[in-house]
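Below is one structure, written out as structure tokens, with a few remarks after it.
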Number of protein chains: 2
Amino acid sequence: MVQFMHPAPEDITLTGILNALGDPVRLQIVRKLHASPEGSNCGDASPCAGLARSTLSNHYRVLREAGLIRTTKRGVEHINVLRLDELERRFPGLVPSILNLADTDPRG
Amino acid sequence: MVQFMHPAPEDITLTGILNALGDPVRLQIVRKLHASPEGSNCGDASPCAGLARSTLSNHYRVLREAGLIRTTKRGVEHINVLRLDELERRFPGLVPSILNLADTDPRG
DNA sequence: TCAATATTACGGTATTTTCGAAATACCGTA
DNA sequence: TACGGTATTTCGAAAATACCGTAATATTGA
């Protein structure tokens with residue numbers, strides 16, 4: 001029943017965020033999470049169906065440890081939400097800018 | 001006398017940029033290059049003195065292949081310049097935003 | 001207890017990072 | 001043309017890290 005460790009806002013680093021988002025799968029996950037601010041479970045935010053659960057889970061862990069998402073439990077599922085407000089205070093404009101560019105760019 | 005391969009602007013990817021800048025050493029290099037728009041040789045843009053030359057060279061290669069810098073030869077030295085204009089057309093606001101945040105953030 | 005959801009553990013493969021040593025390229029000078 | 005000095009890359013190898021899949025493990029709800 002160990003709760004997940006989320007870094008405090010002041011412990012979130014710029015390179016940590018960039019590194020986490022520098023993977024196409026993880027960027028897609030974050031885009032999906034951004035599209036559903038109420039949060040979504042791990043399966044729903046999956047960028048493609050072919051990925052193994054464990055692989056997906058590992059990507060969530062990287063995003064969590066980078067400070068990009070917050071994971072809470074609701075019943076049997078884990079709900080992930082983008083930490084938009086906190087990220088905005090820590091690095092104003094960064095995440096929205098990246099997400100906007102990802103939207104307009106045909107490739108990941 | 002082999003010229004370096006630089007990706008065309010349309011071949012520069014968002015995740016490629018984020019991945020390249022997701023390394024503290026490379027982010028520092030790019031910050032130094034940004035501070036000297038006329039370009040600087042490899043040694044001058046080095047973030048710290050302890051790094052092996054070959055390691056530094058490898059970081060430059062990553063930055064080059066990601067499309068962040070352009071390397072030309074001037075005499076005995078290699079001059080690196082940030083491809084700011086091209087990057088700005090391809091991903092408006094991205095690189096300046098990251099560099100500004102890196103400036104204000106005490107940590108890399 | 002059973003099904004659903006997700007994480008963790010583990011092993012294999014692939015990529016990345018790092019370094020020192022050697023090789024390459026260019027310049028100035030002789 | 002040859003030579004020495006400087007700047008940088010390439011090579012080769014070791015260590016670290018990343019990624020993915022199978023299987024095992026928790027936790028919740030019915």
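Just so it is clear: chains get the letters A, B, ... in the order the sequence lines come, proteins before strands, and each one is counted from 1. Remember, predicted model here, so these are calculated numbers, not experimental data.
Within residues 67-76 of chain A, the residues having any heavy atom under 4.0 Å from DNA chain C are, by residue number, Val76(A).
The phosphate of dA6(C) (OP1 or OP2) has a side-chain N or O of Asn41(A) nearer than 4.0 angstrom. Applying the 4.0 Å criterion to OP1 and OP2 of dA9(C), one finds that Arg53(A) has every side-chain N and O outside that range. Proximity of His59(A) to the phosphate of dC20(D): a side-chain N or O atom is located under 4.0 Å from OP1 or OP2. Put simply, Thr55(A) has a side-chain N or O that comes within less than 4.0 Å of OP1 or OP2 on dG21(D).
For the pair Arg64(A) CZ and dT7(C) P, the interatomic distance rounds to 6 Å; values are reported in whole Å. Per the geometry, CD1 belonging to Ile79(B) stands 11 Å off P belonging to dT9(D), to the nearest Å. Nucleotide dA14(D) holds its P atom 18 Å from the CG atom of Asn58(B), rounded to whole Å.
Proximity note for Ser54(A) (side chain, C-beta onward) versus dT7(C), dT5(C), dT8(C): the nearest is dT8(C).
Counting only heavy atoms from C-beta outward, the side chains of Pro92(A) and Leu101(B) approach each other to under 4.5 Å.
Residue order along DNA chain D, read from the 5' end via each residue's closest nucleotide, puts Asn19(A) first among Asn19(A) and Leu51(A).
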**Message:** For DNA chain C, please output the secondary structure as dot-bracket, reading 5' to 3'. Pairs are Watson-Crick or G-U wobble, both atom distances under 3.5 Å; mark crossing pairs with [ ], other-strand partners with |, unpaired with a dot.
**Reply:** ||||||||||||||||||||||||||||||
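The heavy-atom pair separating Ile12(B) from Gly67(B) by the smallest distance is CD1-O, 3.7 Å.
Few gaps surround CZ on Arg70(B); more than 12 heavy atoms of other groups in view lie less than 6.0 Å from it.
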